[in-house]
Amino acid sequence: MNTEYASRINKTFDYIEHNLESPMTLEELASVANFSKYHFNRVFSSIVGETPFRFILRLRLEKAASLMLANKKESITEIAFRCGFSDISIFSRNFKSRFNISASKYRDEKLNISNISQTISNSEQRKENPALYFCAVQQPNNWSIRMELNKSVEIQELPHMTVAYIRNMGPWNGDQEIYQSLRNKLFIWAGARGLMGGKDFKYLILYHDNPNVALNDKLRMSLCVTIPPETQVDGEIGKMELEAAKYVIARFELTPQDFKTAWEWLYGEWLPNSGYQPDDKPYFETYPEEPKGNKFIVDFCVPVKPL
């Protein structure tokens, strides 16, 4: 893809993600992308594979599906309104079209599966008599952890960060060729500007979509490095702000084959027993150390709020 086109579409993605609950017009999106309103729809559709409004509708539905499972106390109607739907009947019709099931049945079935899995997991934990790990920040709490790869879990307030990113949209599944290509482009760009290293430098892999509800060929992933706010970007390299927020930070020592298991443990076992729920912000991985052979020290960072 032409780097200038990539830059403009990425800006449109970021704008949509930050305004998903609000009405948006084609003229508004065309202006963000700096394309003529007469051509924007065709350019966006050709690059993304969906029209702008089909893309927005899908993101709203996938966000609603995730929130319905994360926020059990919030009604489906409240969630629909929070995701930009002003009419519950329109939401219901589109949800069923996207997931082939009504929103209420989707929530009931998914939560029932989750509860059964948790019961089995708790039973297994009691049999295994696992070691106890303690959160360094929340001293009164402790969690039983049978995930042997986990080294620590803590709750932290992470500061605001400005990051430069290069983005991939499509199937991922640990494709090292895609990953290496993207990372090399980002690091070459950052290295040429003296942005690599330093005590506050961070490298992040940021995920915009929930893989359990999003279409696999539409998953969005951004490889990011922290940068000074005034840094100029162009072409494939974009810039975004990550607001200060409370995160659970779970550190693991993993091989490439372990990542899926570790994410499932964090969401399926730790979170349900923690008193927290995921907050509505992107989640990411950071790498505090250089990998040693096939082993990675990685922090999984998930924004959270109290249940």
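Because the structure is a prediction, the values reported are computed rather than measured.
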Please report the closest heavy-atom contact between Ala33 and Phe40, naming both atoms and the distance. CB-CE1, 3.6 Å

I'd like to know whether Tyr276 forms a ring-ring contact (aromatic ring centres under 6.0 Å, His included) with Tyr247, so could you lay out the CA-CA distance, the side-chain angles of the two residues, the decisive distance to 0.1 Å, and finally the verdict. CA-CA 10 Å; Tyr276 290 95; Tyr247 284 80; over 10 Å; no

Pair Glu264-Lys260, salt bridge (charged side-chain N to carboxylate O under 4.0 Å, His left out): steps then yes or no: CA-CA 6 Å; Glu264 287 175 350; Lys260 182 175 183 291; 2.4 Å; yes

Test your reading of the model: is there a side-chain donor-acceptor pair from Asn150 to the backbone of Ser152, 3.5 Å cut-off? yes

Hydrophobic cluster identity match, Leu204 and Leu266, side-chain contacts under 4.5 Å: no

Any non-hydrogen side-chain atom of Asp280 less than 4.5 Å from a side-chain atom of Lys63? yes

Grab the two heavy atoms, one from Glu236 and one from Ala6, that are nearest each other, plus how far apart they are. CG-CB, 4.2 Å

Any Leu223 side-chain heavy atom under 4.5 Å of Met221 side chain: yes

Check: Tyr15/Glu28 side-chain N/O donor and acceptor closer than 3.5 Å: yes

Would you say Ser222 and Phe284 make side-chain contact, with heavy atoms under 4.5 Å? no

So Lys151 and Glu253, do their side chains get closer than 4.5 Å, heavy atoms only? yes

According to the interplanar angle, ranging from 0 to 90°, do the rings of Trp265 and Phe252 count as parallel (below 30°), tilted (30 to 60°) or perpendicular (above 60°)? perpendicular

When rounded to the nearest 0.5 Å, the distance separating NZ of Lys11 from NZ of Lys239 is 10.0 Å

CZ (Arg42) and CD1 (Ile47) are apart, to the nearest 0.5 Å, by 13.0 Å

Quick check: is Leu195 connected to Met161 through a chain of hydrophobic side chains (ILVMFWY, heavy atoms under 4.5 Å apart)? no

Under 4.5 Å between side-chain heavy atoms, hopping through other hydrophobics if needed: is there a path connecting Ile56 to Leu26? yes

Using side-chain heavy atoms (C-beta onward) and a distance below 4.5 Å, is Leu29 in contact with Phe35? no

SG (Cys83) and CD1 (Ile79) are apart, to the nearest 0.5 Å, by 7.0 Å

Please evaluate residues Ile205 and Tyr165 with respect to the criterion side chain to side chain contact (heavy atoms under 4.5 Å, CB included), reporting the C-alpha separation (whole Å), side-chain torsions for both, the decisive distance (0.1 Å), and the verdict. CA-CA 9 Å; Ile205 301 179; Tyr165 68 81; over 6 Å; no

Counting heavy atoms not belonging to Lys96, are there more than 12 under 6.0 Å from its NZ? no

Identify the two heavy atoms, one from Pro282 and one from Glu17, that lie closest to each other, and give their separation to 0.1 Å. CG-OE2, 4.2 Å

Taking Val304's backbone N and O only, do any of them form a donor-acceptor pair with Gln277's side chain (distance below 3.5 Å, no angle check)? no

Filter on ring-ring contact (aromatic ring centres under 6.0 Å, His included), then keep only pairs touching residues 61-89, sequence neighbours left out; what's left? Phe85-Phe91

Could you label the plane-to-plane angle of the Tyr203 and Tyr287 rings as parallel, tilted or perpendicular, counting under 30° as parallel and over 60° as perpendicular? tilted

Side chain to side chain contact (heavy atoms under 4.5 Å, CB included) evaluation trace for Tyr106 with Leu69: CA-CA 9 Å; Tyr106 178 90; Leu69 303 182; 4.3 Å; yes

For Asp87 and Ser89, indicate whether the former's side chain and the latter's backbone hold a donor-acceptor pair under 3.5 Å. yes

Would Glu241 and Thr162 count as a side chain to side chain donor-acceptor pair (under 3.5 Å) if you check the C-alpha gap in whole Å, the side-chain angles of each, and the deciding distance to 0.1 Å? CA-CA 5 Å; Glu241 309 294 328; Thr162 303; 2.7 Å; yes

Which atom pairs, donor and acceptor, lie under 3.5 Å between side-chain atoms of residues 224-234 and protein residues at least two apart or in another chain?
from   : atom 1 : to     : atom 2 : distance (Å)
Thr226 : OG1    : Asp200 : O      : 3.4
Thr226 : OG1    : Lys202 : N      : 2.8
Thr231 : OG1    : Pro228 : O      : 2.8
Gln232 : NE2    : Glu230 : O      : 3.4

In the structure I gave you, are the side-chain heavy atoms of Leu59 and Arg220 within less than 4.5 Å of one another anywhere? yes

Ignoring hydrogens, what is the shortest heavy-atom contact between Tyr267 and Pro278? Give both atom names and the distance. CE2-CG, 4.1 Å

Quick check for you: to the nearest 0.5 Å, what is the distance between Ile249 atom CD1 and Leu158 atom CG? 4.5 Å

When you measure from the side chain of Asn273 to the backbone of Glu269, do you find a donor-acceptor pair of N or O atoms at a distance under 3.5 Å? yes

Residues, nucleotides or ligands: over 12 heavy atoms within 6.0 Å of Glu27 CD: yes

So if you build clusters from Ile, Leu, Val, Met, Phe, Trp, Tyr with side-chain heavy-atom gaps below 4.5 Å, do Leu242 and Ile237 land together? no

Taking the side chain as every heavy atom from C-beta outward, state whether Thr286 and Val298 have any atom pair closer than 4.5 Å. no

Is Glu78 salt-bridged to Arg82, going by a charged N under 4.0 Å from an acidic O? no

Looking only at heavy atoms, the pair that brings Arg107 and Leu67 closest together is NH2-O, 4.4 Å

Donor-acceptor under 3.5 Å (Arg60 side chain, Leu20 main chain): yes

How many angstroms lie between CZ in Arg93 and CD1 in Ile88, if you round to the nearest 0.5 Å? 11.5 Å

Which heavy atom in Phe95 sits nearest to a heavy atom in Ile101, and how many Å separate them? CD2-O, 3.5 Å

Is it the case that the side chains of Ser7 and Asn10 hold a donor-acceptor pair, with the cut-off being a distance below 3.5 Å and no angle test? no

For residues 181-193, run the donor-acceptor check on the side chains, cut-off 3.5 Å, and write out each pair with its distance to 0.1 Å, sequence neighbours left out.
from   : atom 1 : to     : atom 2 : distance (Å)
Arg183 : NH2    : Gln180 : OE1    : 3.1
Asn184 : ND2    : Gln180 : O      : 3.2
Arg193 : NH1    : Trp189 : O      : 3.0

Can you name the residues that form a salt bridge (charged side-chain N to carboxylate O under 4.0 Å, His left out) with Arg167, not counting sequence neighbours? Asp14

I'd like to check the ring pair (Phe, Tyr, Trp, His ring centres under 6.0 Å) partners of Tyr283; sequence neighbours left out, ordered by chain and number. Tyr207, Trp263

Validation row: Phe259, Glu285 side chains within 4.5 angstrom (heavy atoms): yes

Quick check: are there more than 12 heavy atoms from other residues, nucleotides or ligands sitting under 6.0 Å from NZ of Lys295? yes

For Val163 and Met240, run side chain to side chain contact (heavy atoms under 4.5 Å, CB included): C-alpha distance rounded to whole Å, both residues' side-chain angles, the deciding distance at 0.1 Å, then the answer. CA-CA 6 Å; Val163 298; Met240 61 181 164; 3.7 Å; yes

Is it the case that one hydrophobic cluster holds both Trp270 and Val302, taking links as side-chain heavy atoms less than 4.5 Å apart, direct or via other members? yes

Rounded to the nearest 0.5 Å, what's the gap from OG on Ser75 to CE on Met68? Could you check? 11.0 Å

Between Ser97 (side chain only) and Asn94 (backbone N and O only), is there a donor and an acceptor less than 3.5 Å apart? no

Once ring-ring contact (aromatic ring centres under 6.0 Å, His included) is applied, what residue pairs with a partner in residues 45-71 remain, sequence neighbours excluded? Phe13-Phe55, Phe44-Phe55

